[in-house]
Amino acid sequence: MRVLVTGGAGYIGSHTVLQLLQEGLQVSVIDNFSNSSPESLRRVVGIAGQNLDAYQIDLLDTSRLTQAVCEIKPDAVIHFAGLKAVGESVSQPLKYYKNNVVGTLNLLEAMDEAECRTIVFSSSATVYGDSTDLPLRENTPRNATNPYGRTKLHIEEMLEELAASDSRWRIANLRYFNPVGAHESGLIGEDPQGIPNNLMPFVAQVAIGKRTEVQVFGGDYSTADGTGVRDYIHVLDLAAGHLAALDYLSNAQGVHVWNLGSGAGSSVLEVIDAFARISGRSVPYQITDRRPGDVAESYAHPEKARLDLGWKAERGLEQMVEDMWRWQSKNPDGFPEVAMEFLHQDELALFISGNQKLPSTD
Ligand code: WQD
């Protein structure tokens, strides 16, 4: 079975590509490398001992995208490619609508042309907006509160209408909560560009000494310690949820929705404490004003994924922090720049051989 993974060089994408390869599936990746590095794919290939082929293509380049999808002829697509910074989406909404919504539209049309109508979509709990109806269930009303979240909501609606128009489509909308952690080798992990928007990578960079202190956005929420509570989920558990959804779709048509969360909430201060304890480093912090748009609490009701997919989050906060710390301390500056020596503009494919030397994991 061949799976096309868009955004496969990214944080969640690379961890999912690794599990697909380890399951013996054939993988092709399309990524524009705007927020990721081919190095992550090189390391994934090294860990898995299996090759893949990758194409440097932007989803807005319709002709090259269609050519590649028709050449790859995937049996299914896992679609991660998209912009995901909430703050940036507020200042540049059109960039987000174009990249995320139009990019997905181009992908769906290319899939239709290639006779591939099975897709697992990377949605987000952000579609629930500022709902206080906790724990969040898949039938909790959606009401995105920022352009990023609205792109995810519009794509979900586009997929629902596509499935209603053509029963051949098999669609899974996976609503992630807060993905964190890294593969246990410490070879791949989250490599945010610039100042991390999200808590865990920021805390990791303070622990490693790249940043001076954590700004805790608000200490007066109606939570146990006054700081924001979120449902953190290990990226390896999240990746496994994609394989479970893919398996489910092999026997199910139409559109299906699952929350991928642990069901447990952790506060900002609990995350900081865990990081300081596990890394052995001090993690100074200062409680500042709330961040506009933040909710006090958000966590999943994980029952539906457990019943339908036989999937649940296995790894707790300690493991998430341990694995995040190992990645961060081994790669203080993230992935190194790599020469795209195999990439020739007139060729579509960037072939990454599995026999290249990997950094040591000891
Ligand atoms: C977590 C908690 C902050 C940074 C977002 C997107 C969501 C998904 C995950 C893409 C909150 C607090 C954070 C900091 C802090 N992204 N915080 N200081 O906002 O729950 O979700 O990222 O799919 O769609 O909405 O994640 O990590 O930004 O914040 O105090 O420097 O940490 O207030 O309580 P969030 P986050």
Side-chain angles (χ1 to χ4, degrees), residues 2-22 25-61 64-65 68-69 71-72 74 76-85 99-100 103-104 106-107 110 119-122 174 176 179-183 185-194 196 198 201 235-236 238-239 242-243 327-328 330-331 333-345 347-354 356 358-359:
R2 177 164 291 278
V3 181
L4 167 59
V5 182
T6 73
Y11 172 41
I12 306 168
S14 56
H15 286 82
T16 305
V17 166
L18 175 56
Q19 290 188 13
L20 291 166
L21 291 173
Q22 290 172 328
L25 297 167
Q26 294 172 302
V27 175
S28 298
V29 169
I30 284 178
D31 202 307
N32 66 4
F33 299 119
S34 67
N35 187 26
S36 59
S37 162
E39 177 65 9
S40 71
L41 293 178
R42 205 175 69 81
R43 293 187 184 186
V44 162
V45 163
I47 298 167
Q50 300 291 328
N51 286 341
L52 58 81
D53 54 279
Y55 298 71
Q56 183 176 17
I57 295 175
D58 190 303
L59 297 189
L60 298 179
D61 184 344
R64 290 189 70 202
L65 173 65
V69 177
E71 181 183 290
I72 295 164
V77 172
I78 302 182
H79 176 35
F80 292 106
L83 298 173
K84 55 155 234 159
N99 214 293
N100 293 1
T104 302
N106 293 344
L107 174 66
I119 182 169
V120 176
F121 171 58
S122 162
L174 302 183
Y176 308 161
V180 294
H183 185 258
S185 65
L187 286 172
I188 55 175
E190 187 173 11
D191 183 13
Q193 294 187 346
N198 297 132
V235 65
L236 291 176
L238 195 59
H242 289 73
L243 274 74
W327 152 256
Q328 185 70 78
K330 283 177 176 296
N331 305 272
D333 297 318
F335 291 112
E337 290 301 316
V338 285
M340 303 284 274
E341 69 271 15
F342 290 107
L343 187 69
H344 308 291
Q345 286 314 317
E347 281 174 18
L348 273 174
L350 161 69
F351 181 79
I352 298 178
S353 154
Q356 292 177 4
L358 277 173

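We're numbering straight along the sequence, starting at 1.
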message = Side chains of L107 and T6, heavy atoms from C-beta outward: is any pair under 4.5 Å?
response = yes
ask   = Partners of H242 by ring-ring contact (aromatic ring centres under 6.0 Å, His included), sequence neighbours excluded?
value = F80, Y176
query = Just wondering, do I188 and F335 contact through their side chains at under 4.5 Å, heavy atoms?
reply = yes
request  = List the steps and the verdict of side chain to side chain contact (heavy atoms under 4.5 Å, CB included) for Q22 and L18.
outcome  = CA-CA 6 Å; Q22 290 172 328; L18 175 56; 3.6 Å; yes
ask   = Are H79 and L59 close enough, and set up right, to give a side chain to side chain contact (heavy atoms under 4.5 Å, CB included), and what steps lead you there?
value = CA-CA 11 Å; H79 176 35; L59 297 189; 3.5 Å; yes
Side-chain touch D191/W327, heavy atoms, less than 4.5 angstrom = yes
key: Straight-line distance of L236 CG to Q19 CD, nearest 0.5 Å   = 6.0 Å
ask   = With side chains defined as the heavy atoms from C-beta onward, is the minimum distance between L52 and V45 less than 4.5 Å?
value = yes
key: pair V235-E190: side-chain heavy atoms closer than 4.5 Å   = no
ask   = Tell me, do H15 and L238 make a side-chain contact under 4.5 Å, heavy atoms counted?
value = no
task = With side chain to side chain contact (heavy atoms under 4.5 Å, CB included) as the test, would you mind laying out the steps for I30 and V69 before giving the verdict?
result = CA-CA 9 Å; I30 284 178; V69 177; 4.3 Å; yes
ask   = Quick one: CZ on F33 to CG on D58, what's the gap to the nearest 0.5 Å?
value = 12.0 Å
task = Check whether any side-chain heavy atom of L4 lies under 4.5 Å from a side-chain heavy atom of Y55, and answer yes or no.
result = no
ask   = Hey, does L20 have a side-chain heavy atom less than 4.5 Å from the side chain of I78?
value = yes
